[in-house]
> 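One structure follows; several queries about it will come next.
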There are 4 protein chains.
Amino acid sequence: MIEVALFGAGRIGKIHAGNVAAQPGVKLKYVVDVSAPAAAELAQRYAARPVDAEAALKDSAVAAVVIASSTDTHADLITRAAAAGKAIFCEKPVDLALERARACVEAVAKARVLCMIGFQRRFDPTFSALKQRLDAGEIGNPEMLIITSRDPGPPPVGYIKVSGGIFKDMLIHDFDVFRWVLEDEAHSIFATGSCLVDPAIGEAGDVDSTAVSIRTRGGRLCQINTSRRASYGYDQRFEVLGSKGLLQARNHTPTQVVAQSAAGVCEDKPEHFFLERYRSAYASEMSHFFDALTERKPVRTSLEDGVKALELAEAATRSWREGRAVTL
Amino acid sequence: MIEVALFGAGRIGKIHAGNVAAQPGVKLKYVVDVSAPAAAELAQRYAARPVDAEAALKDSAVAAVVIASSTDTHADLITRAAAAGKAIFCEKPVDLALERARACVEAVAKARVLCMIGFQRRFDPTFSALKQRLDAGEIGNPEMLIITSRDPGPPPVGYIKVSGGIFKDMLIHDFDVFRWVLEDEAHSIFATGSCLVDPAIGEAGDVDSTAVSIRTRGGRLCQINTSRRASYGYDQRFEVLGSKGLLQARNHTPTQVVAQSAAGVCEDKPEHFFLERYRSAYASEMSHFFDALTERKPVRTSLEDGVKALELAEAATRSWREGRAVTL
Amino acid sequence: MIEVALFGAGRIGKIHAGNVAAQPGVKLKYVVDVSAPAAAELAQRYAARPVDAEAALKDSAVAAVVIASSTDTHADLITRAAAAGKAIFCEKPVDLALERARACVEAVAKARVLCMIGFQRRFDPTFSALKQRLDAGEIGNPEMLIITSRDPGPPPVGYIKVSGGIFKDMLIHDFDVFRWVLEDEAHSIFATGSCLVDPAIGEAGDVDSTAVSIRTRGGRLCQINTSRRASYGYDQRFEVLGSKGLLQARNHTPTQVVAQSAAGVCEDKPEHFFLERYRSAYASEMSHFFDALTERKPVRTSLEDGVKALELAEAATRSWREGRAVTL
Amino acid sequence: MIEVALFGAGRIGKIHAGNVAAQPGVKLKYVVDVSAPAAAELAQRYAARPVDAEAALKDSAVAAVVIASSTDTHADLITRAAAAGKAIFCEKPVDLALERARACVEAVAKARVLCMIGFQRRFDPTFSALKQRLDAGEIGNPEMLIITSRDPGPPPVGYIKVSGGIFKDMLIHDFDVFRWVLEDEAHSIFATGSCLVDPAIGEAGDVDSTAVSIRTRGGRLCQINTSRRASYGYDQRFEVLGSKGLLQARNHTPTQVVAQSAAGVCEDKPEHFFLERYRSAYASEMSHFFDALTERKPVRTSLEDGVKALELAEAATRSWREGRAVTL
C-alpha cells in the first residue's frame with residue numbers, strides 16, 4: 001500500500017484527493033492545508049488525517065506527496081519532499097521564478113526521486129489520441145500548430161495580481177502542449193496582448209487577451225491565441241497541419257443533444273471549465289503517476305517539462321513587454 | 001450500510017458489481033453465479049463472498065439484490081427475492097413469457113418491495129437531457145419519434161436461439177424508450193423484418209433487421225429501425241419532432257479528434273457497444289436504485305415498465321409473423 | 001436551336017423558364033397559362049410569346065414542351081404533346097388517377113417521344129453523389145433506407161383538398177427516391193398517419209404526418225417519415241445502411257456560419273423550402289432533359305418511374321385507410 | 001446597355017467573362033489578351049470581339065473595363081482606363097509596388113471614375129453573413145480574429161518568383177479580410193515564416209508557411225496562419241471572438257454526404273480551390289460592381305482598400321525579413 005500526503009485542500013486538491021483514493025493499492029493518509037477546517041473536511045471524506053507539512057513529510061511511511069497548494073509553496077515543498085525521499089506530484093507551475101524552478105530540478109536530481117508536473121492536458125482522451133495518431137505518421141511531418149485556449153471568464157483581480165501574469169498562469173499549459181505536440185523547441189517567440197475583458201486586469205499590469213507566435217528550431221510554426229473570457233464556455237482546441245493532412249482536437253460537450261428550431265441547429269456549448277473538461281485527464285495523470293512509481297518508469301510530464309514551459313512563459317512575457325521577438 | 005447480493009458474474013454483472021461497490025453506504029456482500037470460479041473471482045475483487053442463491057436470499061442482513069443472471073432465471077429470482085423482502089434491481093427483460101412477467105408484478109406488489117428494471121438508456125446523459133428539454137416544452141407537443149438502434153455485429157446464433165427473438169431481445173429497449181419519451185401508449189403496432197446479415201439467424205426462426213411503426217392512443221407516430229450489424233459501431237440515436245422543433249440524440253464518440261485528409265473530414269465512429277456507450281448510464285441507474293431505496297421513493301424504471309415493453313415486443317413479434325398491424 | 005413551349009407560369013414554371021432559357025442551344029418560345037397576365041409577364045422576361053395551348057402544340061418548330069401547370073392538366077397535355085411529336089418534360093405527379101397515368105405511358109410509347117418526369121431529387125448534388133458512392137459499392141449491399149421528409153409548413157387547406165392526399169402529393173417524391181436508391185421494388189407496404197398539425201387537414205380527409213414501412217422483393221427494408229410541418233425548415237434527409245457501412249444525406253444550409261454563445265453552438269437551419277434546397281437540382285434535371293433529347297438517350301426519370309411512384313402512393317393510401325399492410 | 005472590355009482571358013478572366021455576360025443590361029464587347037487565340041476563343045463564347053488594349057480603351061461606347069490580366073499590367077491599365085473615363089474593376093493586387101498603387105489612386109481620383117478591387121471574399125455567402133451578424137451586435141464587441149488560409153497545393157516556382165512573395169500574393173486577401181471584419185487598422189504587425197512545403201520556394205527567396213500577428217489601433221488582436229499546402233483541400237476559415245460569443249466561418253463542401261464505416265464518420269473535404277469555393281462570390285462581386293455603376297453608389301472594395309492591404313503585405317514582408325515587429 002502506497003501512502004500519500006496531499007498538500008492543498010482547495011478546488012484542485014479535492015480533485016486529486018478523489019483520484020488518489022481511487023487508485024488501487026494507494027491510500028490517502030494526510031491532508032495538509034493552511035486552512036485547518038478545509039484540511040479536516042477533506043481528510044475526513046477519505047479517512048485521512050489533517051496534519052501540518054512537517055508531520056506529513058517526516059512520516060517515513062509516506063512514499064509520495066501530491067502538491068496542490070498555492071504556487072508560492074511549490075518550490076519549497078518540492079525541495080523538502082525530495083530531501084525526504086518522497087515521490088512528488090506537483091501542480092503547474094513549478095514556481096513563478098525560473099531560478100527557483102531550476103533549483104527544484106537540482107534538488108530532485110540529487111535526491112533521485114520521481115517528480116511529475118501536473119500538465120493534465122497531455123492525458124486528455126482527445127489530445128492524447130491526436131498525439132498518438134500524429135506519432136503514427138497519419139498526417140506526415142507536422143508543420144504548424146494552432147492553439148485556441150480561452151477561459152469562460154476571468155478570475156478575480158486579486159488572483160491576477162499574484163498569478164505571475166497571463167503567460168505564466170494561463171499559457172503555461174499551452175506552452176507545454178506546444179512542446180509535447182511538436183516535439184521541437186522554440187527558437188524565437190513573439191507575444192502581444194491586450195486588455196479587452198476587464199480594465200482592472202490592465203491596471204494590475206497584466207493583459208487578458210494574447211496572441212503568441214513561435215518558430216521552432218526545426219522551422220515549424222505555432223500560434224497560440226488566448227482570452228480570459230469565452231462567453232460560450234471553456235474553449236480548448238488545437239490543430240496540427242502536417243504534410244499529409246490536418247488533425248484537430250475539438251471541444252468536448254456535456255451531451256450529444258442537437259436542437260433544431262427557428263433559431264437554428266444547436267449543439268451544447270463546450271464543457272464549462274477545466275474541472276469538467278479535464279475530469280478524466282486528472283484521473284489519468286494520477287494513475288500514470290502511481291504506475292510510474294510502482295513500475296519505476298519515467299513520467300510523461302517531468303519537472304524539466306515544467307521548467308521548459310516556464311522558460312517560454314518568461315520569454316513571452318519579455319516579448320510582450322518589450323514589443324519584440326525574443327530568441328531562446 | 002446496505003448489504004447487497006449480486007446474481008450473475010458475467011459481462012453485465014461485472015459492470016453492476018463495480019457500480020454497486022462505488023455507492024457510498026452500500027456493500028457488495030455476495031456474488032452468485034452458476035460458474036463457481038466466475039463468482040469467486042468477481043467476489044474477491046470487491047471483498048465479497050461467493051455463495052449460492054439460497055444462502056444469499058436467506059441472509060436477512062441483505063437488503064437488496066441485483067439480478068444480472070441469464071433471462072430464464074429472472075422471474076424465479078424476482079419472486080424469491082420479493083418473498084424474502086429484498087429490494088430488487090433486475091436486468092431486462094423481466095421474462096420472455098408475459099404470463100410469468102405479470103406474475104412477478106403480483107409477487108412484488110404483494111411483498112411491497114422496491115423493484116427496478118435495468119432500462120439503462122433512460123439514464124444516459126444525452127437521452128435524459130433530451131427528455132428534460134422535451135418535458136420543459138422546448139419543442140412544444142411531441143408528434144413523431146424516430147429511433148435508430150443498431151448493434152455493431154450479431155451475437156452468436158446459439159444466443160439468438162434462446163433470446164426470445166429480436167423484438168424481445170433487442171427492441172425491448174427501444175420499446176421502453178418509446179414509452180418513456182412520448183409518455184403515451186401504443187394503440188397499434190406494425191412490424192416487419194428481414195434476415196439480411198446472417199442466414200443462420202433466419203434458420204433459427206428470427207430476423208436481424210426490423211422496421212417497426214407504432215401509432216399511439218394520442219395519435220403520435222413512432223418508427224423504429226434496427227439491425228444486428230452496423231459496421232461503423234453501435235448506432236444509438238433517436239429524434240423527436242415537436243410542434244416547435246426537433247430534438248435529436250446523436251451518437252457518442254470516444255474522442256473529439258477530427259482528421260482532414262485527401263480521404264475527407266473524419267471523426268471517430270461511435271462508441272463500440274453498450275458497455276462503452278452506456279457506461280455512465282449503468283452507473284447512474286445504480287445510484288438511482290439505491291437513492292430510491294434509501295429515500296423510499298419510486299424508481300424511474302419500474303417492473304410495470306418492464307411488462308409494458310414486453311407487451312410491445314410480443315405484439316411486434318405477432319405483427320411480424322402474421323404480416324398485419326396488431327391493435328393493443 | 002431547340003424551341004420550347006412552357007405550360008404553367010406559376011412558382012415552379014418560373015424556375016423551369018429560367019433553366020430552359022439558360023440551356024445553350026435552347027430557346028423558350030411560348031408560355032401558356034390560364035392566367036393571361038401571368039403568361040405575358042413570364043414570356044416577356046425571356047423574349048417568349050404568351051399563347052394558348054393549341055397554338056403552342058401546333059407549331060411544328062416546337063420540339064419540346066415543359067409541363068408545369070396544375071396536376072389535373074398533366075395527362076391531357078402529355079397526350080396531346082405526344083400526339084404532336086413533342087419531347088415532354090412533365091412535373092410530378094403524372095396524374096392523380098393511376099388509369100390516366102397509364103394511358104399516358106401508352107400514348108407516349110405509341111408516339112415514340114421522349115418523356116421525363118420531374119423527380120428533381122435524383123439530381124440533387126448530395127443525393128446523386130450518395131447514389132454514385134452506393135453504386136460504387138462503398139457500403140456493400142444496401143439493406144435499409146430511412147427517409148425523413150418534412151415540409152416547413154402546411155399548404156392551404158384548399159390545396160390539400162385537390163392534392164390527391166399526402167401520399168400522392170408529398171410522398172410521391174419519397175417513393176421515387178426509394179425506388180431509385182434501392183433499385184428494388186416494393187413487395188408490401190404499410191402506412192399509418194395522423195392529423196397533428198392542423199385539424200382542418202383532417203376534416204379534409206387527409207393526414208399531415210405519416211409513417212410508412214416498405215419491404216422490398218429483395219427483403220430490404222425502408223421507412224419513410226413525413227410531416228407537413230418542421231418549424232426549423234425543410235428537412236430532407238435519407239440514409240442507407242449497407243453491409244459495410246452507412247451513407248447519409250444531410251440537409252443543406254444557406255451558409256457555413258457557426259455561432260457559439262451562452263445559448264449553445266448553432267449552425268444555420270436547413271434551406272427554407274424546395275425552391276431553395278433543390279435550386280441546382282432543377283437546373284440539372286433540365287440540362288439532363290435537353291442532353292437526352294439532343295443525344296437521343298433515355299432519361300433518368302421516365303414516365304414509367306412516375307407511374308411506379310403513383311402505384312406506391314395508391315397502395316400507401318389504401319394501407320392507411322384500411323389499417324393493413326398492402327401487397328403489391 | 002453597358003458595354004464592357006475584359007483584359008485577360010486566363011482562368012480568372014473566364015470566370016469574370018461569364019459573370020459579366022450574365023448581368024442584365026450588360027454586354028461583353030471586347031476581350032483583350034496577350035495570347036490572340038485565348039482572346040479569340042473567349043470572345044467567341046460570348047459574341048464579343050478580340051481586340052488590342054488601345055482599341056478597347058478608345059471605344060467611347062465602352063463604359064467599363066474588367067482587368068484580369070497579369071499583375072504587372074494592372075497599374076498601367078487602371079491609369080489608362082481612368083484617363084479614358086471608364087469604370088474599372090481590377091483583380092487584386094493593384095500592383096506589387098506601393099508607389100505605383102498609390103499613383104493609381106491619384107489617377108482614379110482625378111478622373112472621378114468608379115474603381116473596384118476584386119476582393120471577392122467579402123462577397124462569399126458565409127463570410128458576408130458572418131459580417132452582417134457581427135455588425136448586428138450578435139457577439140458584442142469583436143476582440144480577436146483568427147484566420148486560417150491554406151491553399152491545396154503550391155503554384156509552380158516560376159509563378160512564385162514573380163508573385164511579389166507570399167505576403168503580397170496570398171495573404172493580401174487575408175489582410176483585406178482582417179480590415180473588413182474588424183473595421184480597425186493595424187497598429188503593429190509581426191510576421192514569421194518557413195519553407196516547409198517545397199525547398200525550391202525557399203531558394204526563390206520566399207516562404208510557403210507563415211504566421212502573422214496584428215495588434216490594431218483599438219487593441220484588438222488578429223492572427224493569420226497560412227500554408228501553400230493543405231492536402232485536404234482549400235482551407236478558408238476565420239473566427240471572431242467577441243465579448244458575447246464567437247462567430248465562425250467554416251469551410252464549404254461539395255455535398256452533404258456523410259459516410260460511416262470502420263474508418264470513421266467522414267464528410268466531404270472542402271471545395272478544392274478558389275474557383276470552386278468562391279464561385280458565387282465572383283458572381284456577387286460583379287453584380288455589385290455593375291449595381292454601383294448603375295446606381296452611382298460607392299463600391300464595397302475600393303482601390304483604397306487595395307492599397308491598404310498592400311501596405312500590410314509590405315509591412316509583413318519587412319517584419320519577416322528583419323525578424324521584428326513593424327509599426328504602421
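Letters A, B, ... mirror the listed sequences (proteins, then strands); counts begin at 1. Just so it is clear, the values below take in all heavy atoms, side chains as well, and ignore hydrogens, waters and symmetry mates.
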> Hey, which of D:V207, D:T148, D:L246 has the most heavy atom pairs under 4.5 Å with chain A?
D:L246

> Tell me, side chain or backbone of D:I224 under 4.5 Å from chain A's heavy atoms, or both, or neither?
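Interface part for D:I224: backbone (N, CA, C, O).
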
> Let's test your reading of the structure: which of D:G323, D:S188, D:G193, D:A230 forms the most heavy-atom pairs below 4.5 Å with chain A?
D:G193

> Under 4.5 Å from any heavy atom of chain A, what part of D:T226 do you find: side chain, backbone, both or neither?
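Only the backbone of D:T226 comes within 4.5 Å of chain A.
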
> Heavy-atom distances under 4.5 Å only: say whether D:S194 touches chain A with side chain, backbone, both or neither.
both

> Using distance alone, with no hydrogens and no angle criterion, decide if A:D169 and A:S163 have a side-chain donor and acceptor under 3.5 Å apart.
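Side-chain D/A pair, A:D169 to A:S163: absent.
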
> Before you tell me yes or no, could you show the steps for D:F238 and D:F127 under ring-ring contact (aromatic ring centres under 6.0 Å, His included), namely the whole-Å CA-CA distance, both residues' side-chain angles and the distance that decides it to 0.1 Å?
CA-CA 9 Å; D:F238 68 80; D:F127 291 179; 4.7 Å; yes

> With a 4.5 angstrom heavy-atom cut-off, is it the side chain or the backbone of D:I146 that approaches chain A, or both, or neither?
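For D:I146, the side chain is the part near chain A, not the backbone.
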
> Less than 4.0 angstrom from a charged side-chain N to a carboxylate O is my criterion; do D:R133 and D:E138 meet it?
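Salt bridge: yes.
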
> Please tell me whether D:T192 and A:S213 have a donor and an acceptor in their side chains that are separated by less than 3.5 angstrom.
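Side-chain D/A pair, D:T192 to A:S213: absent.
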
> Output yes when A:D305 and A:R122 qualify as a salt bridge under the 4.0 Å nitrogen-oxygen rule, no when they do not.
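The answer is yes: the pair qualifies as a salt bridge.
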
> Tell me, side chain or backbone of A:T327 under 4.5 Å from chain D's heavy atoms, or both, or neither?
neither

> Shorter than 4.5 Å, heavy atoms on both sides: which option in A:E143, A:R229, A:Q223 has the most such pairs with chain D?
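If we count pairs closer than 4.5 Å to chain D, A:Q223 comes out on top.
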
> What I want to find out is whether D:D235 reaches D:R150 closely enough, with some N-O distance under 4.0 Å, to be called a salt bridge.
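D:R150 and D:D235: salt-bridged.
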
> For the interface with chain A, which of D:R324, D:K244, D:R220, D:E239 has the highest count of heavy-atom pairs at distances below 4.5 Å?
D:E239

> What part of A:L196 lies closer than 4.5 angstrom to a heavy atom of chain D: side chain, backbone, both or neither?
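For A:L196, backbone and side chain are both near chain D.
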
> Any idea which of A:G219, A:C222, A:A325, A:S227 has the most non-hydrogen atom pairs under 4.5 angstrom with chain D?
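With the most close heavy-atom pairs to chain D, the winner is A:G219.
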
> Any side-chain donor paired with an acceptor under 3.5 Å for D:Y234 and D:E276?
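Their side chains do not contain a donor-acceptor pair, so the 3.5 Å distance test is not met.
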
> Using 30° and 60° as the class boundaries, would you call the ring planes of D:F167 and D:W320 parallel, tilted or perpendicular?
tilted

